[in-house]
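Some notes on the structure that comes next.
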Amino acid sequence: VETITTADRMTALVSDWRRGGLSIGFVPTMGALHRGHMSLVDISTGRADRTVVSIFVNPTQFSEGEDLDRYPVTLDEDGARLREAGVDALFLPGREEVYPGGFSTRVEVDGLTEGLCGAFRPGHFDGVTTVCAVLFGIVRPDFAVFGRKDAQQLAVVRRMVRDLRLGIGIVEGGIVRESDGLAMSSRNRYLSPLQREEAAGIYQGLLRVRRAFEEGVRGAGELEEAFRSETGTRPGLRVQYANLVDPDTMEGLGYAGDGSLFAVAVFSGDTRLIDNILLEKRSGSVEV
Ligand code: PAF
(Lines give C-alpha, C1' and ligand atoms only; values in the text may rest on other atoms or scores of the structure.)
Protein backbone atom coordinates (compact mmCIF):
# COMPACT_ATOMS: atom_id res chain seq x y z
CA VAL A 1 0.00 0.00 0.00
CA GLU A 2 1.42 3.35 -1.05
CA THR A 3 0.90 6.13 1.49
CA ILE A 4 0.12 9.43 -0.18
CA THR A 5 -0.06 12.74 1.64
CA THR A 6 -0.66 15.27 -1.14
CA ALA A 7 -3.78 15.81 -3.21
CA ASP A 8 -1.76 16.28 -6.41
CA ARG A 9 0.03 12.96 -6.05
CA MET A 10 -3.24 11.20 -5.23
CA THR A 11 -4.98 12.59 -8.32
CA ALA A 12 -1.96 11.80 -10.52
CA LEU A 13 -1.78 8.18 -9.35
CA VAL A 14 -5.48 7.61 -9.95
CA SER A 15 -5.23 9.24 -13.39
CA ASP A 16 -2.43 6.80 -14.28
CA TRP A 17 -4.58 3.88 -13.20
CA ARG A 18 -7.51 5.17 -15.18
CA ARG A 19 -5.40 5.62 -18.32
CA GLY A 20 -4.45 1.97 -17.88
CA GLY A 21 -8.14 1.06 -17.99
CA LEU A 22 -8.40 0.22 -14.29
CA SER A 23 -11.49 0.83 -12.15
CA ILE A 24 -11.15 2.64 -8.83
CA GLY A 25 -13.00 2.11 -5.57
CA PHE A 26 -12.74 4.51 -2.64
CA VAL A 27 -13.39 4.13 1.09
CA PRO A 28 -13.27 7.44 2.98
CA THR A 29 -12.64 7.04 6.74
CA MET A 30 -11.47 8.93 9.79
CA GLY A 31 -9.18 6.06 10.81
CA ALA A 32 -9.22 4.00 14.03
CA LEU A 33 -10.23 1.23 11.68
CA HIS A 34 -12.27 -1.73 12.88
CA ARG A 35 -13.99 -4.68 11.22
CA GLY A 36 -16.82 -2.45 10.06
CA HIS A 37 -14.42 -0.34 8.00
CA MET A 38 -12.61 -3.41 6.78
CA SER A 39 -15.87 -4.86 5.45
CA LEU A 40 -16.23 -1.69 3.33
CA VAL A 41 -12.65 -2.11 2.14
CA ASP A 42 -13.41 -5.72 1.19
CA ILE A 43 -16.40 -4.57 -0.86
CA SER A 44 -14.14 -2.19 -2.76
CA THR A 45 -11.27 -4.62 -3.35
CA GLY A 46 -13.82 -7.21 -4.48
CA ARG A 47 -15.28 -4.90 -7.13
CA ALA A 48 -12.55 -2.54 -8.27
CA ASP A 49 -9.12 -3.04 -9.79
CA ARG A 50 -7.64 -0.47 -7.41
CA THR A 51 -8.79 0.62 -3.94
CA VAL A 52 -7.97 3.90 -2.22
CA VAL A 53 -8.69 4.39 1.49
CA SER A 54 -8.45 7.86 3.01
CA ILE A 55 -7.86 8.62 6.66
CA PHE A 56 -8.66 12.20 7.58
CA VAL A 57 -10.23 13.31 10.86
CA ASN A 58 -12.35 16.03 9.35
CA PRO A 59 -12.59 19.00 11.74
CA THR A 60 -15.56 20.60 9.97
CA GLN A 61 -17.95 17.79 10.86
CA PHE A 62 -17.40 18.09 14.61
CA SER A 63 -19.48 20.55 16.58
CA GLU A 64 -18.19 22.63 19.46
CA GLY A 65 -17.61 20.42 22.52
CA GLU A 66 -17.52 17.16 20.56
CA ASP A 67 -14.62 14.70 20.52
CA LEU A 68 -12.43 16.13 17.72
CA ASP A 69 -9.46 16.57 20.07
CA ARG A 70 -9.61 13.08 21.45
CA TYR A 71 -10.77 11.21 18.34
CA PRO A 72 -8.70 8.00 18.32
CA VAL A 73 -5.68 7.90 16.01
CA THR A 74 -4.18 4.44 15.39
CA LEU A 75 -2.21 4.95 12.19
CA ASP A 76 0.25 2.07 12.59
CA GLU A 77 -2.47 -0.50 13.16
CA ASP A 78 -4.60 1.04 10.40
CA GLY A 79 -1.72 0.84 7.90
CA ALA A 80 -1.07 -2.81 8.78
CA ARG A 81 -4.74 -3.74 8.34
CA LEU A 82 -4.96 -1.96 5.00
CA ARG A 83 -1.79 -3.65 3.76
CA GLU A 84 -3.17 -7.03 4.72
CA ALA A 85 -6.47 -6.25 3.00
CA GLY A 86 -4.71 -5.54 -0.30
CA VAL A 87 -5.46 -1.81 -0.46
CA ASP A 88 -3.47 -0.03 -3.17
CA ALA A 89 -3.22 3.48 -1.76
CA LEU A 90 -3.70 5.09 1.63
CA PHE A 91 -4.50 8.77 1.27
CA LEU A 92 -3.41 10.55 4.44
CA PRO A 93 -3.76 14.25 3.79
CA GLY A 94 -3.02 17.01 6.29
CA ARG A 95 -5.56 19.74 6.92
CA GLU A 96 -3.92 22.08 4.39
CA GLU A 97 -4.25 19.53 1.59
CA VAL A 98 -8.00 19.22 2.13
CA TYR A 99 -8.72 22.81 3.12
CA PRO A 100 -5.93 24.96 1.64
CA GLY A 101 -5.74 28.65 2.53
CA GLY A 102 -8.65 30.53 0.97
CA PHE A 103 -10.94 27.49 0.92
CA SER A 104 -14.43 29.01 0.98
CA THR A 105 -16.91 26.41 -0.25
CA ARG A 106 -19.54 24.59 1.73
CA VAL A 107 -21.71 21.84 0.32
CA GLU A 108 -25.07 21.68 2.06
CA VAL A 109 -27.86 19.20 1.44
CA ASP A 110 -31.26 20.46 2.59
CA GLY A 111 -34.08 18.46 4.10
CA LEU A 112 -32.43 15.12 4.71
CA THR A 113 -30.01 16.73 7.13
CA GLU A 114 -32.63 18.32 9.38
CA GLY A 115 -33.79 15.41 11.52
CA LEU A 116 -32.06 12.63 13.47
CA CYS A 117 -28.34 13.44 13.96
CA GLY A 118 -28.73 16.70 12.04
CA ALA A 119 -31.05 18.05 14.73
CA PHE A 120 -28.47 17.47 17.46
CA ARG A 121 -25.21 18.09 15.60
CA PRO A 122 -25.57 21.46 13.87
CA GLY A 123 -23.38 21.75 10.78
CA HIS A 124 -22.25 18.12 11.03
CA PHE A 125 -23.59 17.04 7.66
CA ASP A 126 -22.34 20.19 5.91
CA GLY A 127 -18.89 19.15 7.11
CA VAL A 128 -19.42 15.60 5.84
CA THR A 129 -20.71 16.60 2.40
CA THR A 130 -18.04 19.27 1.98
CA VAL A 131 -15.18 16.93 2.81
CA CYS A 132 -16.66 14.13 0.69
CA ALA A 133 -16.97 16.52 -2.27
CA VAL A 134 -13.31 17.52 -1.86
CA LEU A 135 -12.14 13.93 -1.44
CA PHE A 136 -14.21 12.78 -4.43
CA GLY A 137 -12.62 15.58 -6.47
CA ILE A 138 -9.13 14.46 -5.49
CA VAL A 139 -9.62 10.70 -5.82
CA ARG A 140 -12.21 10.71 -8.64
CA PRO A 141 -13.26 7.11 -7.99
CA ASP A 142 -15.79 5.08 -9.96
CA PHE A 143 -17.54 4.35 -6.69
CA ALA A 144 -17.22 5.04 -2.99
CA VAL A 145 -18.33 2.72 -0.19
CA PHE A 146 -20.24 3.90 2.89
CA GLY A 147 -21.57 1.90 5.83
CA ARG A 148 -25.25 1.64 6.67
CA LYS A 149 -24.61 2.24 10.36
CA ASP A 150 -24.40 5.91 9.41
CA ALA A 151 -27.68 5.65 7.52
CA GLN A 152 -28.33 9.38 7.42
CA GLN A 153 -24.81 10.08 6.16
CA LEU A 154 -25.29 7.46 3.46
CA ALA A 155 -28.58 9.04 2.31
CA VAL A 156 -27.13 12.56 2.40
CA VAL A 157 -24.02 11.65 0.41
CA ARG A 158 -26.16 9.74 -2.11
CA ARG A 159 -28.34 12.80 -2.57
CA MET A 160 -25.33 15.11 -2.99
CA VAL A 161 -23.82 12.84 -5.64
CA ARG A 162 -27.14 12.66 -7.45
CA ASP A 163 -27.91 16.39 -7.26
CA LEU A 164 -24.41 17.47 -8.31
CA ARG A 165 -24.22 14.72 -10.94
CA LEU A 166 -20.81 13.70 -9.69
CA GLY A 167 -21.00 10.40 -11.56
CA ILE A 168 -19.71 8.36 -8.62
CA GLY A 169 -21.49 5.20 -7.56
CA ILE A 170 -22.35 5.02 -3.87
CA VAL A 171 -22.13 1.46 -2.63
CA GLU A 172 -23.62 0.50 0.70
CA GLY A 173 -22.02 -1.84 3.25
CA GLY A 174 -24.05 -3.58 5.99
CA ILE A 175 -23.65 -3.03 9.72
CA VAL A 176 -20.93 -5.14 11.33
CA ARG A 177 -21.57 -6.01 14.97
CA GLU A 178 -19.65 -7.28 17.99
CA SER A 179 -20.69 -10.70 19.26
CA ASP A 180 -23.26 -9.13 21.65
CA GLY A 181 -24.74 -7.05 18.85
CA LEU A 182 -23.13 -3.67 19.52
CA ALA A 183 -22.48 -2.00 16.16
CA MET A 184 -18.77 -1.52 15.46
CA SER A 185 -17.70 2.08 15.91
CA SER A 186 -14.40 3.86 16.46
CA ARG A 187 -16.08 5.48 19.46
CA ASN A 188 -16.71 2.12 21.21
CA ARG A 189 -13.19 2.36 22.57
CA TYR A 190 -14.29 5.29 24.75
CA LEU A 191 -16.58 2.97 26.75
CA SER A 192 -15.69 1.69 30.22
CA PRO A 193 -16.32 -2.06 30.74
CA LEU A 194 -19.69 -1.33 32.38
CA GLN A 195 -20.73 1.15 29.69
CA ARG A 196 -19.63 -1.33 27.06
CA GLU A 197 -21.83 -4.00 28.62
CA GLU A 198 -24.82 -1.68 28.80
CA ALA A 199 -24.30 -0.50 25.23
CA ALA A 200 -25.31 -3.94 23.98
CA GLY A 201 -28.82 -2.90 25.05
CA ILE A 202 -29.01 -0.64 22.01
CA TYR A 203 -29.10 -3.61 19.67
CA GLN A 204 -31.41 -5.51 22.03
CA GLY A 205 -33.75 -2.53 21.78
CA LEU A 206 -33.59 -2.55 17.99
CA LEU A 207 -34.36 -6.27 17.98
CA ARG A 208 -37.42 -5.57 20.13
CA VAL A 209 -38.53 -3.03 17.57
CA ARG A 210 -38.10 -5.54 14.79
CA ARG A 211 -39.99 -8.20 16.74
CA ALA A 212 -42.81 -5.77 17.44
CA PHE A 213 -42.94 -4.90 13.72
CA GLU A 214 -43.03 -8.57 12.80
CA GLU A 215 -45.89 -9.03 15.24
CA GLY A 216 -47.84 -6.34 13.43
CA VAL A 217 -47.03 -3.18 15.43
CA ARG A 218 -46.85 -0.25 13.01
CA GLY A 219 -47.20 2.99 15.01
CA ALA A 220 -44.00 5.02 15.39
CA GLY A 221 -44.82 5.77 19.04
CA GLU A 222 -45.33 2.11 19.90
CA LEU A 223 -42.14 1.10 18.16
CA GLU A 224 -40.25 3.81 20.04
CA GLU A 225 -41.81 2.47 23.26
CA ALA A 226 -40.56 -1.00 22.38
CA PHE A 227 -37.04 0.40 22.00
CA ARG A 228 -37.16 2.40 25.22
CA SER A 229 -38.57 -0.51 27.20
CA GLU A 230 -35.27 -2.30 26.57
CA THR A 231 -32.80 0.59 26.94
CA GLY A 232 -34.71 1.82 30.01
CA THR A 233 -33.58 -1.26 31.94
CA ARG A 234 -29.96 -0.07 31.67
CA PRO A 235 -29.42 3.01 33.83
CA GLY A 236 -26.28 4.14 31.96
CA LEU A 237 -28.08 4.52 28.61
CA ARG A 238 -29.75 7.77 27.62
CA VAL A 239 -31.73 7.85 24.39
CA GLN A 240 -31.19 11.03 22.35
CA TYR A 241 -33.58 10.01 19.59
CA ALA A 242 -35.35 6.87 18.45
CA ASN A 243 -37.18 7.60 15.21
CA LEU A 244 -38.98 5.81 12.45
CA VAL A 245 -37.94 7.30 9.09
CA ASP A 246 -37.94 6.75 5.37
CA PRO A 247 -34.41 5.46 4.57
CA ASP A 248 -34.04 7.59 1.43
CA THR A 249 -35.53 10.92 2.51
CA MET A 250 -34.96 10.58 6.27
CA GLU A 251 -38.47 11.96 6.76
CA GLY A 252 -40.18 10.93 9.97
CA LEU A 253 -42.97 8.37 9.55
CA GLY A 254 -46.06 7.93 11.70
CA TYR A 255 -46.44 4.31 10.63
CA ALA A 256 -43.92 1.69 9.61
CA GLY A 257 -44.08 0.11 6.20
CA ASP A 258 -41.95 -2.48 4.50
CA GLY A 259 -38.41 -1.05 4.30
CA SER A 260 -38.86 1.69 6.92
CA LEU A 261 -35.80 2.49 8.99
CA PHE A 262 -35.74 2.75 12.77
CA ALA A 263 -32.73 4.87 13.71
CA VAL A 264 -31.39 5.73 17.15
CA ALA A 265 -28.72 7.76 18.92
CA VAL A 266 -28.01 6.72 22.48
CA PHE A 267 -25.50 7.98 25.00
CA SER A 268 -23.64 5.45 27.06
CA GLY A 269 -21.98 7.71 29.60
CA ASP A 270 -20.56 10.58 27.52
CA THR A 271 -20.23 8.49 24.40
CA ARG A 272 -22.80 8.98 21.70
CA LEU A 273 -23.55 5.85 19.70
CA ILE A 274 -25.79 5.50 16.67
CA ASP A 275 -27.42 2.42 15.22
CA ASN A 276 -30.44 1.45 13.16
CA ILE A 277 -32.47 -1.42 11.85
CA LEU A 278 -34.44 -1.88 8.64
CA LEU A 279 -37.96 -3.17 9.15
CA GLU A 280 -38.78 -5.65 6.47
CA LYS A 281 -41.71 -7.92 6.11
CA ARG A 282 -40.62 -11.49 5.99
CA SER A 283 -41.62 -13.07 2.71
CA GLY A 284 -44.77 -15.03 3.28
CA SER A 285 -45.81 -13.01 6.33
CA VAL A 286 -49.36 -11.73 6.38
CA GLU A 287 -50.32 -8.10 6.87
CA VAL A 288 -52.60 -7.71 9.92
O1 PAF B 1 -18.00 8.17 8.21
C2 PAF B 1 -16.93 8.77 8.37
O3 PAF B 1 -15.95 8.21 8.87
C4 PAF B 1 -16.83 10.22 7.98
O5 PAF B 1 -18.01 10.90 8.21
C6 PAF B 1 -16.36 10.42 6.51
C7 PAF B 1 -17.36 9.84 5.54
C8 PAF B 1 -15.02 9.76 6.32
C9 PAF B 1 -16.22 11.91 6.21
O10 PAF B 1 -15.28 12.52 7.03
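First listed ligand is number 1; within each ligand, the first listed atom is number 1. In what follows, residues are counted from 1 in the order of the sequence shown.
Under the 4.5 Å side-chain contact rule for hydrophobic residues, Leu261 and Tyr203 do not share a cluster. In the hydrophobic clustering of this structure, Phe103 groups with Val131; members are Ile, Leu, Val, Met, Phe, Trp, Tyr whose side-chain heavy atoms approach within less than 4.5 Å, directly or through other members.
Taking every non-hydrogen atom of Thr29 and a distance limit under 4.0 Å, the qualifying atoms of ligand 1 come out as 8 (C). The ligand atoms of ligand 1 that sit less than 4.0 angstrom from a heavy atom of Phe146 are 7 (C). Residue-ligand proximity, Val131 to ligand 1, at heavy-atom distances under 4.0 Å covers atoms 9 (C), 10 (O).
Between the CG atom of Leu279 and the CD atom of Glu214 there is a distance of 8.5 Å, given to the nearest 0.5 Å. Rounding to the nearest 0.5 Å places CG of Asp142 at 5.5 Å from OG of Ser23.
The protein non-hydrogen atom at the shortest distance from atom 10 (O) of ligand 1 is Gln61 OE1, 2.6 Å.
By the 3.5 Å distance cut-off applied to N or O atoms, Asn58 is not counted among the residues near ligand 1.
For Arg189, the CZ atom is densely surrounded, since the number of other residues' heavy atoms within 6.0 Å is greater than 12.
Here Phe56 and Phe91 keep their ring centres 6.0 angstrom or further from each other.
Between Gln153, Met30, Lys149, His37, it is Gln153 that holds the heavy atom closest to atom 5 (O) of ligand 1.
Contacts of Asp150 with ligand 1, taken as heavy-atom pairs under 4.0 Å, are absent altogether.
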